[in-house]
Every structure is written in structure tokens, then in C-alpha cells.
Amino acid sequence: MKVKAILLVIAAAGALAAGIGFAQSGADVVKAKGCMGCHDTDKKKIGPSFKDSAAKYKGDKGAEAALIAKLKDGKGHPKVAASDAELKAAVGHVLSTK
């Protein structure tokens, strides 16, 4: 049992050293990437609230991909330096806001 625990710790350390992170929640990503400086959950700041964005794109099957592309390419929104997984988590979080 101790050997398995040690191997697990070594594997986790190796993954972190190799730059492989563990998945963050969408809420964590929007905080870490500075989204909250321009957006808020339920009120407009510089940009629309997450609640308003979710309502705007409700039922739009292509919304997630379109928003990820905007964030990734910097078209219609400042470019966000984040991995695809982080962008997907952040957009999923925004679109699920009620």
C-alpha cells in the first residue's frame, strides 16, 4: 500500500513538473484569468454580466465554440492567455450562470 502511495505522489510531481495541470473549475478560471475585472456574475461592469451572457446565448448550440474562439483569437474581446481546457471551463461556467 505504501508503494502505491509513493508512486502516486511521484506521478503527480512528474505531471506538475512536465506542465500538466489538473483541471480547474470554471469559477476558478474566471477569477485566475482576471475576468472579474470587467465582468460580474449579475451586474454589468465594463463587459456584460455572466447572467446576461448566459441569457443571450441560451439555446444556441454553437455558443460555446464561438465564445472560446473570441477569447482565444481576441476578436470582439481581449485575447485571453489560457489553455483550451481553461477556456472551455470558463465559458461553460459563464453559460451556466442563472
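In this text, all values refer to a predicted model and were calculated from it rather than measured experimentally. In what follows, every heavy atom counts, from backbone to side chain, and hydrogens, waters and symmetry copies are set aside.
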*Using side chain to side chain donor-acceptor pair (under 3.5 Å) as the criterion, list what pairs up with Asp40, not counting sequence neighbours.*
none

_Tell me if the NZ atom of Lys44 is crowded by more than 12 foreign heavy atoms within 6.0 Å._
yes

_Minimum-distance pair of heavy atoms, taken over all atoms of Val29 and Ala89_ = CG2-CB, 4.4 Å

*Which atom names give the shortest non-hydrogen contact between Ala54 and Leu95, and what distance separates them?*
CB-O, 3.5 Å

*By the rule that ILVMFWY residues connect when side-chain heavy atoms come within less than 4.5 angstrom, directly or transitively, which residues belong alongside Val94?*
Val30, Met36, Phe50

*For Ser49, which residues count as a side chain to side chain donor-acceptor pair (under 3.5 Å) partner, sequence neighbours excluded?*
Asp52

*asked:* Considering only residues two or more places apart or on different chains, which pairs with a residue in residues 28-38 satisfy salt bridge (charged side-chain N to carboxylate O under 4.0 Å, His left out)?
replied: Lys33-Glu86

*Please list all pairs passing the side chain to side chain donor-acceptor pair (under 3.5 Å) test where one or both residues lie in residues 89-98, with sequence neighbours left out.*
none

*What salt bridge (charged side-chain N to carboxylate O under 4.0 Å, His left out) pairs are there with at least one residue in residues 55-77, not counting sequence neighbours?*
Glu64-Lys88, Lys72-Asp84

